[in-house]
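Note sheet for the following structure.
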Amino acid sequence: MNSRQRFLSTMRYEKPDRVPLFMEGIRDQVFEGWNQPGIKTKSDLEQRFKYDQREEIYLDLDPYPALKDWPTTTAQLERLKHHFDPDDPARWPSDWAAQVDAWRQRDHVLMLRVHRGLFLSMGIDGWARFSDVMELLIEAPEFVWAFMTFQGEFAAQMTARVLRDVSVDAVIFSEPISSNERPLISPKMYEDYVLKSYQPLLALLPDMGVETTILRTYANARILLSAAVEYGFNCLWACETDSTAMDYLDIRRQFGSDLRLIAGIDLDILLRDPQSMRAELLRVLPPLLSQGGFVPLLDGRVREYLPFESYQLYRELLTELC
């Protein structure tokens, strides 16, 4: 099987030759910190360990031209329309046709990022805008709803154009909305202002042949999962988690086969001794692998402070157990 076939088979709860083994996010400075002979780039790692290839398409969902001041009232939304034109050539790579041709012949996994979640869609890039948005959620909920609905429709238009050109193996909704304690908004607000605004996208995907709809969360988003599943999400990719609150064995017990799982391995196991690392992988991997619908992966980027020897042992154990 190739990488794409393994992923599709896994997400369908079939029996692939093995589960996909993706590469974690690793930045160049990590290789510098490792200072390992012969390990200077991702290509070097690919020669050392077993990886399945994966690629993500990034939709350009930013306002263009960039906004000097984000709107704060429903009346101001009208002026946004020329900033969110899905047919603006500036939003699409000049070699888009060539990329599409290559993707149609691929044997690797191709995912499409279709939405950035509440806070990034609302233009939060610092404390001042975050404070404004939190105030708007309380004082002007009708504006937040109108804005997110506008964003959802725009993202659906962008997504439809991509999916008319090329089939993808999964779509990703990013949801950086939580702290280690809990989400920064209530489950009801999340349903009312976020999930409902996703409806144009969620309704589009099945008709365009998309089987796997991923919610990529950060930190502790546990109390949002039930509503997300009800709205049609069928895969969780939890990143930078509270490993207790977002424990995948517990999540699988709660949602069963309704929720496929990607990642689920606590990044901090790379700070453990070899026996503890093996024990944690044996706790998580065999039961989830036997049930299917699970792609094992660390839940965050590999950082400079994590020793290469620990990463090497982790990849060797992953290959052995999977």
Side-chain angles (χ1 to χ4, degrees), residues 10-13 111-122 133-134 137-138 141 144-145 147-149 151-152 155-156 159 170-206 210-266 283-284 287-297 299-300:
T10 299
M11 293 294 101
R12 292 167 181 164
Y13 288 96
M111 299 179 176
L112 173 64
R113 293 191 183 192
V114 297
H115 207 292
R116 301 177 299 173
L118 171 68
F119 289 150
L120 293 179
S121 295
M122 294 287 292
V133 169
M134 296 304 286
L137 281 162
I138 302 300
V144 176
W145 161 244
F147 188 93
M148 288 299 293
T149 299
Q151 287 276 23
T159 298
V171 297
I172 299 172
F173 290 70
S174 184
E175 208 70 83
I177 202 172
S178 303
S179 70
N180 284 331
E181 295 294 323
R182 62 183 64 85
L184 300 181
I185 64 174
S186 71
K188 186 176 189 312
M189 294 173 79
Y190 178 64
E191 180 175 359
D192 288 346
Y193 306 136
V194 183
L195 288 175
K196 289 181 180 178
S197 76
Y198 291 163
Q199 287 286 40
L201 267 169
L202 294 170
L204 167 77
L205 298 173
V210 176
E211 297 181 22
T212 303
T213 303
I214 299 170
L215 184 68
R216 182 184 276 167
T217 66
Y218 298 81
N220 182 3
R222 181 65 181 268
I223 62 174
L224 304 180
L225 297 184
S226 292
V229 171
E230 289 179 8
Y231 272 76
F233 287 92
N234 62 9
C235 185
L236 171 68
W237 188 336
C239 304
E240 301 170 7
T241 67
D242 176 316
S243 59
T244 301
M246 299 296 288
D247 182 80
Y248 270 21
L249 291 176
D250 190 39
I251 289 173
R252 176 52 63 83
R253 281 190 289 269
Q254 179 179 355
F255 294 101
S257 61
D258 290 340
L259 196 61
R260 294 144 184 84
L261 301 168
I262 299 175
I265 302 175
D266 186 0
R283 182 187 76 86
V284 174
L288 291 176
L289 290 169
S290 67
Q291 295 165 22
F294 170 57
V295 176
L297 189 69
D299 69 1

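Keep in mind that what you see is a predicted model, and the values were worked out from it rather than measured.
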Below 4.5 Å, heavy atoms only, C-beta onward: do Leu205 and Val171 meet side chain to side chain?
-> yes
Ignoring hydrogens and angles, tell me if any N or O in the side chain of Gln291 forms a donor-acceptor pair with the backbone of Pro287 under 3.5 Å.
-> yes
Rounded to the nearest 0.5 Å, what's the gap from CG on Leu112 to CZ on Phe173? Could you check?
-> 9.5 Å
Kindly state whether the ring of Tyr198 and the ring of Tyr231 have centres lying under 6.0 angstrom apart.
-> no
Under 3.5 Å, is there a donor-acceptor pair between the side chain of Ser121 and the main chain of Leu118?
-> no
Could you go through the side-chain contact (heavy atoms from CB on, under 4.5 Å) check for Leu261 and Leu288 one step at a time?
-> CA-CA 9 Å; Leu261 301 168; Leu288 291 176; 4.1 Å; yes
For Thr241 and Asp299, what are the C-alpha separation, side-chain angles and deciding distance, and is it a side chain to side chain donor-acceptor pair (under 3.5 Å)?
-> CA-CA 7 Å; Thr241 67; Asp299 69 1; 2.8 Å; yes
Can you list the residues that meet the side chain to side chain donor-acceptor pair (under 3.5 Å) rule with Glu240, with sequence neighbours excluded?
-> none
Smallest separation among heavy atoms of Val114 and Ala155, with atom names | O-CB, 3.4 Å
For the atom pair CD1 (Ile185) and OG (Ser178), what is the distance rounded to the nearest 0.5 Å?
-> 8.5 Å
All heavy atoms of Phe294 vs all of Met11, minimum pair found to be N-CE, 4.5 Å
Is there side-chain contact between Thr212 and Ile214, with at least one heavy-atom pair below 4.5 Å?
-> yes
So with a 6.0 Å cut-off around CZ of Arg182, is the heavy-atom count from everything else above 12?
-> no
With the side chain counted from C-beta on, respond yes when Leu195 and Leu202 share a heavy-atom pair under 4.5 Å apart, and no when they do not.
-> no
Looking only at heavy atoms, which two atoms of Phe119 and Pro176 are closest? And how far apart?
-> CD1-O, 3.5 Å
Could you go through the side-chain contact (heavy atoms from CB on, under 4.5 Å) check for Leu225 and Ile251 one step at a time?
-> CA-CA 9 Å; Leu225 297 184; Ile251 289 173; 4.0 Å; yes
Which is it for Leu297 and Trp237 under the side-chain contact (heavy atoms from CB on, under 4.5 Å) test, yes or no, and what are the steps along the way?
-> CA-CA 10 Å; Leu297 189 69; Trp237 188 336; 3.7 Å; yes
Audit row: Asp247, Arg222, salt bridge (Lys or Arg N to Asp or Glu O under 4.0 Å) steps and yes/no | CA-CA 9 Å; Asp247 182 80; Arg222 181 65 181 268; over 6 Å; no
Set of side chain to side chain donor-acceptor pair (under 3.5 Å) partners for Asp192, sequence neighbours left out = Lys188, Lys196
Nearest heavy-atom approach of Ser197 to Trp145 is N-CZ3, 3.8 Å
With the side chain counted from C-beta on, respond yes when Thr213 and Cys235 share a heavy-atom pair under 4.5 Å apart, and no when they do not.
-> no
Side chain proximity check, His115 to Ile172, heavy atoms < 4.5 angstrom | no
Under 4.5 Å between any side-chain heavy atoms of Met122 and Tyr193, yes or no?
-> no
Find out whether Ile262 and Leu236 are in side-chain contact, i.e. whether some heavy atom of one side chain is under 4.5 Å from a heavy atom of the other.
-> no
Apply the test side-chain contact (heavy atoms from CB on, under 4.5 Å) to residues Val284 and Asp266: give CA-CA distance (whole Å), side-chain angles for both, the deciding distance (0.1 Å), then the verdict.
-> CA-CA 10 Å; Val284 174; Asp266 186 0; over 6 Å; no
Decide yes or no for Leu259 and Arg252: does some side-chain heavy atom of the first lie under 4.5 Å from some side-chain heavy atom of the second?
-> no
Search all heavy atoms of Leu201 against all heavy atoms of Gly152 and return the closest pair with its distance.
-> CG-O, 4.2 Å
Partner residues of Asn220 under the side chain to side chain donor-acceptor pair (under 3.5 Å) criterion, sequence neighbours left out | none
Sub-3.5 Å donor-acceptor pair from the side chain of Tyr218 to the main-chain atoms of Ser174, do we have one?
-> no
Identify the heavy atoms of Pro183 and Ala221 that sit nearest to each other, and give their distance.
-> CG-CA, 4.3 Å
Output, in order, the C-alpha distance, side-chain angles, deciding distance and verdict of salt bridge (Lys or Arg N to Asp or Glu O under 4.0 Å) for Arg216 and Glu175.
-> CA-CA 6 Å; Arg216 182 184 276 167; Glu175 208 70 83; over 6 Å; no
